[in-house]
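The structure appears right after this line, and notes come after that.
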Amino acid sequence: MAEHIIYLLGPYQIPGFQGERNVRVYLPSEGASAEPAPVLFLFDGQNVFHDDPSYCGGWRLHEAVRDLADRGLAAPVLVGIDHGGGERLSELSPFPGDGSDGRLDDLLGWITSEIVPAVRGRFAVRGDPAGTAIGGASMGGLAALYAHFRRPDVLGAALCMSPSLWFAERRIFEFVAAQPVPASSRLYVDAGAQEDDGSVLRDAARLVEHLRGRGYGEESLRFCPDEAGTHSEDAWRRRAPGALQFLFAEAAGERPGGAGAPEGSQQAA
């Protein structure tokens, strides 16, 4: 088997944030490709690949992606964006509250204006919203959900693992309800029953119920409750392969750009 190669971009200085951070990119296959691959941008990039940069162990998503490619399934390019250490809470918060300034819009603006174009310019990735996803776990899962509905013109899919929907008095529910359903929208949501006495799973189920009521079917929304799941890197690592397989599997008859999107969907302004 070929060696896993992870490209290091940066270090970057994000306007308005302290310090520098790196961006790591993994390609499911090297060399010329018949067509551009989908791409998944991930928060907390230190946790995406190996154990060393991570506080509690890496997800080893590159191994899951390589397995998808070896099986002939859609395999995304992975882009892990490092968090800012002590600024992590503020930069992943959509709203002020719970000790955060709520600066996700600033981080998201930098991702969409600088990192997305940089990756598209250097690597063979898709440039349409349906082929461009964003993801994370915990606060990163909340940030991914918000980012999808905030910038569906760029990010047409989201990987939301154990999302911290409780944050800032659950304002994310009001935000999502106020947004039009994106023309291209595929969502993966999960949570473990052992997380915070089941409250994370209950919040996730509430979100899914809302989205089902707005027309999301099985082809556009996957909900995976995990009865044994804890709020941990181990649980997210275990669930990640199935999440990736769903998120990047083309639904029957679906074409990049929104065909097959939930009923009543609207194109972002």
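In what follows, residues are counted from 1 in the order of the sequence shown. Since the model is a prediction, treat every value here as computed from it, not as a measurement.
- Annotation: ring pair (Phe, Tyr, Trp, His ring centres under 6.0 Å) contacts of F123 (sequence neighbours excluded): Y7.
- In this structure, the separation between CG on L40 and OG1 on T132 is 10.0 Å, given to the nearest 0.5 Å.
- In this structure, R186 contributes its side chain and E219 its backbone to a donor-acceptor pair below 3.5 Å.
- Side-chain atoms of S232 come within 3.5 Å of backbone atoms of A235 as a donor-acceptor pair (strictly under, hydrogens ignored).
- Taking both residues in full, the closest heavy atoms of V65 and P28 are given as CG1-CB, 3.5 Å, listed atom of the first, atom of the second, then distance.
- In this structure, F223 has no ring pair (Phe, Tyr, Trp, His ring centres under 6.0 Å) partners at least two apart in sequence or on a different chain.
- Criterion: ILVMFWY side-chain heavy atoms under 4.5 Å apart, direct or through other members. Under it, L89 and I14 are part of a common hydrophobic cluster.
- Taking each heavy atom of F43 and G140 in turn, the nearest pair found is CD1-O, 3.6 Å.
- A distance-only check finds a donor-acceptor pair linking the side chain of R212 to the backbone of L221 [under 3.5 Å].
- Checking side-chain atoms of Q46 against main-chain N and O of H83 turns up a donor-acceptor pair under 3.5 Å.
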Practice problem: Give the C-alpha distance, both sets of side-chain angles, the deciding distance and a yes or no for salt bridge (Lys or Arg N to Asp or Glu O under 4.0 Å) between D44 and R88. | Solution: CA-CA 9 Å; D44 295 327; R88 177 180 178 271; 2.8 Å; yes

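- Annotation: side chain of C160 is not in contact with side chain of Y188 (no heavy-atom distance under 4.5 Å).
- In this structure a side-chain-to-backbone donor-acceptor pair under 3.5 Å is present from H148 to L155.
- Annotation: side chain of V116 is not in contact with side chain of W110 (no heavy-atom distance under 4.5 Å).
- Hydrophobic clustering of Ile, Leu, Val, Met, Phe, Trp and Tyr side chains at less than 4.5 Å, counting indirect connections, unites I5 with L27.
- Side-chain contact, S162 with W236: a donor N or O sits under 3.5 Å from an acceptor N or O.
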Quiz item: After noting the C-alpha distance and the side-chain angles of H231 and D196, does the key distance pass the side chain to side chain contact (heavy atoms under 4.5 Å, CB included) rule?
Solution: CA-CA 8 Å; H231 202 78; D196 198 16; over 6 Å; no

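- We find the OG-CG distance between S90 and D98 to be 11.0 Å, quoted to the nearest 0.5 Å.
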Exercise. Using the side chain to side chain contact (heavy atoms under 4.5 Å, CB included) rule, take I172 and L142 through it: C-alpha gap first, then chi angles, then the decisive distance, then the call.
Key: CA-CA 8 Å; I172 190 65; L142 172 68; 3.8 Å; yes

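- Identified under the salt bridge (Lys or Arg N to Asp or Glu O under 4.0 Å) test for residues 154-178, with sequence neighbours left out: R170-D203.
- Contact annotation: the side chain of V48 never approaches that of R60 to less than 4.5 Å [non-hydrogen atoms, C-beta and beyond].
- Note: S93 OG to M139 CE = 3.5 Å, rounded to the nearest 0.5 Å.
- Here the side chains of V125 and P38 are not in contact, with every heavy-atom distance at 4.5 Å or above.
- Sorted by first and then second residue, the pairs that involve residues 11-21 and meet side chain to side chain donor-acceptor pair (under 3.5 Å), not counting sequence neighbours, are R21-E91.
- Among residues two or more places apart in sequence or in another chain, the ring pair (Phe, Tyr, Trp, His ring centres under 6.0 Å) test is passed with H62 by H4, Y26, F49, H50.
- Closest approach of A144 to A158, counting heavy atoms only: O-CB, 3.8 Å.
- Using a cutoff of 4.0 Å between basic side-chain nitrogens and carboxylate oxygens, R238 and E233 are not scored as salt-bridged.
- By the rule that hydrophobic residues join a cluster once side-chain heavy atoms approach within less than 4.5 Å of another member, F41 and V189 end up as members of one cluster.
- Side chains of R151 and T112: a donor-acceptor N/O pair is present below 3.5 angstrom, by distance only.
- V200 and V176 end up in different hydrophobic clusters when Ile, Leu, Val, Met, Phe, Trp and Tyr side chains are linked at under 4.5 Å.
- For R103 and D101, the salt-bridge test fails: no basic side-chain N is under 4.0 Å from an acidic carboxylate O.
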Exercise. Any chance you could lay out the side chain to side chain contact (heavy atoms under 4.5 Å, CB included) test for V79 and L42, step after step, and finish with the verdict?
Key: CA-CA 6 Å; V79 182; L42 290 140; over 6 Å; no

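- A salt bridge links R71 and D67; the closest N-O separation between the charged side-chain nitrogens and carboxylate oxygens is under 4.0 Å.
- Every residue two or more places apart in sequence or in another chain that forms a ring pair (Phe, Tyr, Trp, His ring centres under 6.0 Å) with Y146 is listed here: F95, F175.
- Interatomic distance, L201 CG to S199 OG, rounded to the nearest 0.5 Å: 9.0 Å.
- N22 contributes atom CG, which lies 5.5 Å from atom CG of D82 (distance to the nearest 0.5 angstrom).
- Here the closest non-hydrogen pair linking A204 and D190 is CB-O, 4.5 Å.
- E195 and G192 make their closest contact through OE2-N, 2.5 Å (heavy atoms, listed as atom of the first residue, atom of the second, distance).
- Rounded to the nearest 0.5 Å, atoms CG (L159) and CD1 (I134) are 10.5 Å apart.
- S220 contributes a side-chain N or O that, together with a main-chain N or O of G217, makes up a donor-acceptor pair within less than 3.5 Å.
- No donor-acceptor pair under 3.5 Å is formed between the side chain of R150 and the backbone N or O of L108.
- Within the 3.5 Å criterion, the main-chain N or O of A191 finds no donor-acceptor partner in the side chain of D226.
- With contacts defined as side-chain heavy-atom distances shorter than 4.5 Å, the pair V208/Y216 does not qualify.
- In this structure, T230 and Q194 approach most closely via the heavy-atom pair CG2-CB, 3.9 Å.
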Quiz item: Would L207 and L145 count as a side chain to side chain contact (heavy atoms under 4.5 Å, CB included) if you check the C-alpha gap in whole Å, the side-chain angles of each, and the deciding distance to 0.1 Å?
Solution: CA-CA 10 Å; L207 171 68; L145 178 68; 3.7 Å; yes

